[in-house]
Amino acid sequence: IPFFDQPPVAGQAVGTFVSADSRFASAVANVPVPLSVIGVETWDLRSGKRLRAATISLPSTPTFGTWATADGLRTYAASADRVGVYDSTTGALLAERSFASEGKCWALSPDGTLLAYRDLDEVIHVLDAMSLRTLHTLPGHTDQVLHLAFSSDNRWLVSAADDDTARVWDLTAPAPTCIALRHPFRVDTAAFSPDSSLVATFSADRALRVWDRATGGLLATYPNELRF
């Protein structure tokens, strides 16, 4: 798909998002000048046609990330002290939230209904992605949270951190609980299998590990022989 090779958007794609049914793909681009403008495009993957393209002017440079819902209807931009939700077609601000403590390490659920980030105290916050209202506050990590990812059904959230753990959170409980997946080294990233039954993690020892999501049991370890 030739993202951002047609007017009105010109820039380098910094994120691509595909819908759960593989029908739509959206991408966000940073426009070189000015840095406070981003571009958003959405494509129909079945027909190969571009559905919409727009630029959005932001109040400040989105230093902590920009991303879009897979259907391209909403775009998010985060800076050191705020996050905003924008209508991707009109550029109108739909919701905004400010932070006393920086919000970092953002993740948007596959269906675009949940948004997660961690603050400077390494507490994870799960928000309603439309209103930005807090739904859950998840303390537990003791060092920097490096990655967050939702399961395909939004029931689970996995967090990877510098405290040598990945934590799997059950978001269906009123007070979410977690299972800690303990590693010998820092955990850089984590992801769920499509059916959410497995969790894969990649850690600083360059090993890929596969875990049983329900029990937290380690099922397999794959050392990285390529040493990338």
Side-chain angles (χ1 to χ4, degrees), residues 14-20 26 28 62-71 73-86 88 94-163 165-181 186-194 196 198-203 211 213 216:
V14 294
T16 305
F17 312 91
V18 179
S19 60
S26 292
V28 178
T63 50
F64 289 155
T66 54
W67 57 101
T69 54
D71 59 13
L73 297 179
R74 298 194 312 276
T75 300
Y76 295 78
S79 59
D81 60 354
R82 64 177 296 278
V83 62
V85 187
Y86 298 85
S88 298
L94 302 176
E96 185 177 37
R97 178 168 176 156
S98 298
F99 305 101
S101 175
E102 288 183 352
K104 293 184 177 181
C105 191
W106 293 86
L108 182 67
S109 64
D111 67 354
T113 61
L114 299 176
L115 188 64
Y117 73 95
R118 59 94 172 165
D119 63 25
L120 290 182
D121 294 321
E122 309 312 324
V123 175
I124 299 165
H125 302 264
V126 180
L127 313 178
D128 178 284
M130 189 64 187
S131 66
L132 302 182
R133 177 177 59 89
T134 299
L135 302 176
H136 302 293
T137 302
L138 311 175
H141 282 292
T142 58
D143 208 336
Q144 185 176 11
V145 176
L146 302 173
H147 185 78
L148 297 169
F150 287 95
S151 62
S152 59
D153 59 5
N154 288 5
R155 177 174 179 176
W156 310 94
L157 176 73
V158 63
S159 51
D162 213 358
D163 60 5
T165 71
R167 294 176 181 263
V168 180
W169 305 86
D170 181 356
L171 300 180
T172 63
T177 56
C178 73
I179 295 175
L181 311 178
R186 178 190 75 234
V187 187
D188 294 312
T189 189
F192 290 97
S193 61
S196 305
L198 303 175
V199 177
T201 60
F202 187 79
S203 53
W211 309 76
R213 189 266 309 149

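Sequential numbering from 1 along the given sequence is applied to the chain's residues.
Note: H125 NE2 to R118 CZ = 10.5 Å, rounded to the nearest 0.5 Å. In this structure, CD on Q144 lies 7.0 Å from NZ on K104, to the nearest 0.5 angstrom. Here CD1 of I179 is found 7.5 Å from CZ of R213. Values are rounded to the nearest 0.5 Å.
Considering every non-hydrogen atom in both I124 and W169, the closest pair reads CD1-NE1, 4.0 Å. For the pair R167 and C178, the tightest heavy-atom approach, listed with the atom from each and the gap, is NH1-SG, 3.6 Å. Nearest heavy atom pair, residue L148 against residue A107, reads O-CB, 3.5 Å. Closest approach of L114 and A129 over heavy atoms only: N-CB, 3.7 Å.
A 4.5 Å side-chain heavy-atom check between H147 and D188 finds every atom pair outside the cut-off. Side-chain contact check for S98 versus D81: every heavy-atom pair is 4.5 Å or farther apart. Here the side chains of Y76 and V28 are not in contact, with every heavy-atom distance at 4.5 Å or above. Contact check for R74 versus M130: side-chain heavy atoms found under the 4.5 Å cut-off. Put simply, the side chain of V199 does not reach to within 4.5 Å of the side chain of W156, judged on heavy atoms. Side-chain contact between C105 and L146: absent, with no pair of heavy atoms (C-beta onward) separated by less than 4.5 Å. The shortest distance between side-chain heavy atoms of L157 and L138 falls below 4.5 Å. Residues S152 and F192 fail the side-chain proximity criterion, which asks for heavy atoms closer than 4.5 Å.
In this view, T142 and D163 satisfy the side chain to side chain contact (heavy atoms under 4.5 Å, CB included) rule, not counting sequence neighbours. Annotation: salt bridge (charged side-chain N to carboxylate O under 4.0 Å, His left out) contacts of D71 (sequence neighbours excluded): none. Evaluation of the side chain to side chain contact (heavy atoms under 4.5 Å, CB included) rule for A190 yields V158, A160, T201 as partners, not counting sequence neighbours. Listed by chain and residue number, nothing satisfies the side chain to side chain contact (heavy atoms under 4.5 Å, CB included) test with A191 (two or more places apart in sequence, or in another chain). The ring-ring contact (aromatic ring centres under 6.0 Å, His included) search around W106 returns W67, F99, Y117, not counting sequence neighbours.
Applying the salt bridge (charged side-chain N to carboxylate O under 4.0 Å, His left out) definition to pairs two or more places apart or across chains, those involving residues 137-161 are R155-D170.
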